[in-house]
Colleague: 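Have a look at this one before I ask anything.
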Amino acid sequence: MAKKLGKKARKFAHKHLQGGAKRSRKLRSQFNRRTRKDGKGREDDNRLDGDGGSEETRRNDPTMNMNDDVATLANCLEFPEDENELDGDLSDSDGYLSEDLECVYYSDSDDDNVMKECIVQDDLDEQNNEMRLAVKKQKKKLKKLLDKDPKFANFLEKWQLELVNYESKEDSDEQDEMDSVDNGVNSGDKDPPSDKILTSKTISEWCQLVLDEPKAPALRNLLNAFRDACQFGLNSNSLSMQRLQSTEVFYQIISFVLSKADNIFRALLEISDDDKGKLMNQRNGKKWQDIEPLIKSYLRNSLDLISQLTDNQILTYVLTRLRTSAVYFSAYPSTSRRLLKILIRLWASGDQNLSLSSFLMIREVVSLLPDCLDFCLTKTYNAYLSSSKIVDNRNIENIDFILNCLVELYSLDIQKAGERAVISVGQLSAILRQASKTKGKEDLLKIDNWQYINCINLWVRFICVNYKDCHNLHLLFSSVVQIIRGVAHLLPGMRYLPLRLKLAHMLNELSNCSQMFFPVPSLIFGSLEFREIPPKEQTEKGKTHFSSLLKVPRNMLKSRDFQEQCVLSAIEVLSAHFFQWSYHVSFPEVATIPLILLKRLQEQTTIESLRRPLKRMIDQVSENRDFVQRKREVVSFSSDQHIVRG
């Protein structure tokens, strides 16, 4: 007699084997064919499928629910943005500048040392050849298939007419769109220059003329060439692609204009390099009005350049050079808002060098134009929340860098930043109250979330930086402490130890800046325990990084590496806590209960690599406790003094 299958084996066979799979398909087909009495059942099914699945699928899929909760949380925590921009203040510089006809264009044949490059065209020709070969191979395969299978040939003939009609409709739509774009571009051009090719010799000659005399007519030609360089590569039929057929010329124009434009404009305005105030006061003067078309053309084309570049290294170079021209952007508020939008997107891109260059220019623009501070604070805060949705070992340093930049930006105006902090902390408190009241899975996921924890960390860092200089942060301070304690109370257990360690670290920072005592050990020992795991139940050893975890997966709870990381991380946080209060008169009382718990943990553990650091910490804390106790017994001042004088 065959042995009866176990419960798990029967469940697996019922679900996955051939009979079970066939029965599931049959039930699904019957369910899909089921219609309501009003005849709308099939439509509703299709609508649900189009929206990403039915309600039952959403309930059974925790990943889908988590994504929905994250999106809801992001919408709840983000500040509302005002998309109403000012009128365009660079509209006069949409087209080309009028050029001096006496400026000479040199061809490549005039200089034997200059070689004409056609890199872009060569690349396109090579790609076209590869595509032609691929098309020929596909035609051969298709012909063999048609000869082999007559039914397939009939199928192609049946749908050929519809396919031709669809393609012709798409081609007409694309042609109409391209015509509208071309009309928009041509309508903005003013006196476009000839289609003569810009060679390296021509650009070198113009650059030398401008360096010798900034008022030379070649400056307008050079700015028009800069406009073509900023539009290079967008449209293969554009005038910029016809004039710029060499990447060498492209880099030559970009590097010269970005590095020399600021000095050229200052020379035309007769202002020194360090005198920003005088430059801002001359906006209504005659000299500014004379060169304003040149400045507008330069600023607009620079915006187009940084909004279209995709290489991070080139973007970093462009922003570094463009930072000296921030004072010109401040003359046009609407353009500054456009610039800040682009800079904030690059700041949160993930590349640290690009983020640094973007932030330095953001700070420069905001310092020159304080009216844009509200706009900048809202945009940067929302960008920080968006970039901190997912934290792993690859982006944790970048998120911390963005956090420090955001704190520095919010510290420029404590009053405005404090108002926004109160609103954000109020939203965090409301989410915490709802989760504490219902304790539902969806509400708990809104707290067990990187966005929520990073938002708390932001305001903790902001308070620590500005607490001593600003006395209006006490209410915000107490609210943040209550949120930290509430989250720790709501999420207990060994699996949430990484989260509780982060909360304990935040309390250490707040305690350090305010000199207030918080029971940090209770947050750690409430979830820290050592259980002896038999060798058969131990999972494979894997590296555990608590810095990128909020909740430990269940399969890691029985790993030895996880237990070691728990104890060592707890020792690190406790060491910072004890160090802060090591010379306080009440240190013996502070250390009594943690010492008892540490000794108990040392007795429970059987891992020698953990017993040594635990014993060392116990000895150090005990020694400091005895030292403070001896000094406290022989002091001549009252016991309400805070610091031991030894």
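Just so you know, residue 1 is the first one in the sequence shown, and it goes up from there.
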Colleague: Applying salt bridge (Lys or Arg N to Asp or Glu O under 4.0 Å) to D619 and K615, what does each step give before you reach the verdict?
Modeller: CA-CA 6 Å; D619 294 341; K615 186 177 185 306; 3.2 Å; yes
Colleague: Closest approach of V465 and S411, non-hydrogen atoms and distance?
Modeller: CG1-OG, 4.1 Å
Colleague: Please determine, by modelled atom types, if T316 and N353 share a side-chain donor-acceptor pair under 3.5 angstrom.
Modeller: no
Colleague: Run through V480, V481, L475 and flag the one making a side chain to side chain contact (heavy atoms under 4.5 Å, CB included) with F477.
Modeller: V481
Colleague: Between I447 and A435, which heavy-atom pair has the shortest distance, and what is it?
Modeller: CD1-CB, 3.4 Å
Colleague: Might you work through the side chain to side chain contact (heavy atoms under 4.5 Å, CB included) test for F518 and I484, ending with a clear yes or no?
Modeller: CA-CA 11 Å; F518 299 110; I484 293 175; over 6 Å; no
Colleague: Taking CD in Q620 as the centre, count heavy atoms belonging to other residues, nucleotides or ligands within less than 6.0 Å. Is the count above 12?
Modeller: yes
Colleague: Taking only Lys NZ, Arg NE, NH1 and NH2, and the carboxylate oxygens of Asp or Glu, determine whether D400 and R461 approach each other closer than 4.0 Å.
Modeller: yes
Colleague: On a heavy-atom basis, which atom in P519 and which in R485 lie closest, and how many Å separate them?
Modeller: CD-NH2, 3.9 Å
Colleague: State, yes or no, whether a side-chain contact exists between L409 and C376 at a heavy-atom distance under 4.5 Å.
Modeller: yes
Colleague: Does the side chain of N398 reach to within under 4.5 Å of the side chain of S355, using non-hydrogen atoms?
Modeller: yes
Colleague: Do L598 and L574 make a side-chain contact, defined as non-hydrogen atoms from C-beta onward lying under 4.5 Å apart?
Modeller: yes
Colleague: Within this structure, what is the CZ-CG distance for the pair R323 and L360, rounded to the nearest 0.5 Å?
Modeller: 4.5 Å
Colleague: Classify the side-chain pair N393/S548 by whether it contains a donor and acceptor separated by less than 3.5 Å.
Modeller: yes
Colleague: Quick one, N472 with I414, criterion side chain to side chain contact (heavy atoms under 4.5 Å, CB included). Give me CA distance, side-chain angles, the key distance, then yes/no.
Modeller: CA-CA 9 Å; N472 298 328; I414 303 298; over 6 Å; no
Colleague: I'd like to know whether CD1 of I396 has more than 12 heavy-atom contacts from other residues, nucleotides or ligands below 6.0 angstrom.
Modeller: yes
Colleague: Show every salt bridge (charged side-chain N to carboxylate O under 4.0 Å, His left out) that has at least one partner inside residues 571-597, sequence neighbours left out.
Modeller: E589-R632
Colleague: Do P594 and V621 have side-chain heavy atoms sitting under 4.5 Å apart?
Modeller: no
Colleague: Answer yes or no: is there a side-chain heavy-atom contact under 4.5 Å between R625 and F587?
Modeller: yes
Colleague: Working to the nearest 0.5 angstrom, can you tell me the gap between S429 OG and Q482 CD?
Modeller: 7.5 Å
Colleague: Keeping the roles fixed (side chain from Q451, backbone from L385), state whether a donor-acceptor pair exists under 3.5 Å.
Modeller: yes
Colleague: Looking at CG of L346 and CD1 of I306, how far apart are the two atoms once the value is rounded to the nearest 0.5 Å?
Modeller: 6.5 Å
Colleague: Taking CD1 in I390 as the centre, count heavy atoms belonging to other residues, nucleotides or ligands within less than 6.0 Å. Is the count above 12?
Modeller: no
Colleague: How long is the gap from CG on N382 to CD1 on I344, to the nearest 0.5 Å?
Modeller: 9.5 Å
Colleague: Can you give each donor-acceptor pair under 3.5 Å made by side-chain atoms of residues 486-504, sequence neighbours left out, with the distance rounded to 0.1 Å?
Modeller:
unit_1, atom_1, unit_2, atom_2, d
R495, NE, V552, O, 2.9
R495, NH2, V552, O, 3.2
Y496, OH, K551, NZ, 3.4
R500, NE, L523, O, 2.8
R500, NE, S527, OG, 2.9
R500, NH1, A488, O, 2.5
R500, NH1, L491, O, 3.4
R500, NH2, L523, O, 3.2
K502, NZ, F546, O, 2.7
K502, NZ, L549, O, 2.9

Colleague: Distance-only, no hydrogens or angles: does the N512 side chain make a donor-acceptor pair with backbone N or O of N508 under 3.5 Å?
Modeller: no
Colleague: Are R420 and D374 close enough for a salt bridge, meaning some N to O gap below 4.0 Å?
Modeller: yes
Colleague: Tell me whether S357 contacts the main-chain N or O of L354 through its side chain, where contact means a donor paired with an acceptor under 3.5 Å.
Modeller: no
Colleague: Take W459 and Y410, measure what ring pair (Phe, Tyr, Trp, His ring centres under 6.0 Å) needs, and give me the verdict at the end.
Modeller: CA-CA 10 Å; W459 301 123; Y410 268 69; 5.7 Å; yes
Colleague: Would you name the heavy atoms of P613 and S609 that are closest together and state the gap between them?
Modeller: CD-O, 3.1 Å
Colleague: Side chains of V391 and I453, heavy atoms from C-beta outward: is any pair under 4.5 Å?
Modeller: no
Colleague: Minimum heavy-atom separation for K389 to W450, with atom names?
Modeller: O-CB, 3.6 Å
Colleague: Output yes when a side-chain donor or acceptor of D351 lies under 3.5 Å from a complementary backbone atom of N312, and no otherwise.
Modeller: no
Colleague: How long is the span from the CZ atom in R363 to the CE atom in M361, to the nearest 0.5 Å?
Modeller: 13.0 Å
Colleague: If you draw a 6.0 Å radius around CZ in R600, do more than 12 non-hydrogen atoms from other residues or ligands fall strictly inside?
Modeller: no
Colleague: Checking E623 against I618 for the side chain to side chain contact (heavy atoms under 4.5 Å, CB included) test, could you report, in this order, the C-alpha distance in whole Å, the side-chain angles of both residues, the deciding distance, and whether it holds?
Modeller: CA-CA 8 Å; E623 183 180 351; I618 292 172; over 6 Å; no
Colleague: Using only heavy-atom distances, determine whether the side chains of T438 and D443 contain a donor-acceptor pair under 3.5 Å.
Modeller: yes
Colleague: State, without any angle test, whether S424 and Y381 hold a side-chain donor-acceptor pair at a distance under 3.5 Å.
Modeller: yes
Colleague: Any idea how H474 and Y467 line up, ring-wise: parallel (<30°), tilted (30 to 60°), or perpendicular (>60°)?
Modeller: perpendicular
Colleague: Can you confirm whether Q515 is buried at CD, in the sense that more than 12 heavy atoms of other residues, nucleotides or ligands lie under 6.0 Å from that atom?
Modeller: yes
Colleague: Is the side chain of R611 donor-acceptor paired with the backbone N or O of T605 at a distance under 3.5 Å, no angle test?
Modeller: yes
Colleague: Quick check for you: to the nearest 0.5 Å, what is the distance between L403 atom CG and C455 atom SG?
Modeller: 10.5 Å
Colleague: Can you check whether S511 reaches W581 side chain to side chain, under 4.5 Å on heavy atoms?
Modeller: yes
Colleague: Give the intermediate values and the outcome of side chain to side chain contact (heavy atoms under 4.5 Å, CB included) for residues V573 and S569.
Modeller: CA-CA 6 Å; V573 176; S569 301; 5.8 Å; no
Colleague: Starting from the C-alpha separation in whole Å, work towards a yes-or-no answer on side chain to side chain donor-acceptor pair (under 3.5 Å) for S582 and N624.
Modeller: CA-CA 7 Å; S582 58; N624 191 79; 4.9 Å; no
Colleague: Relative to the ring of F517, is the ring of H577 parallel (under 30°), tilted (30 to 60°) or perpendicular (over 60°)?
Modeller: tilted
Colleague: Do you know the tightest heavy-atom contact between Y452 and L428?
Modeller: OH-O, 2.8 Å
Colleague: Any non-hydrogen side-chain atom of V628 less than 4.5 Å from a side-chain atom of V585?
Modeller: no
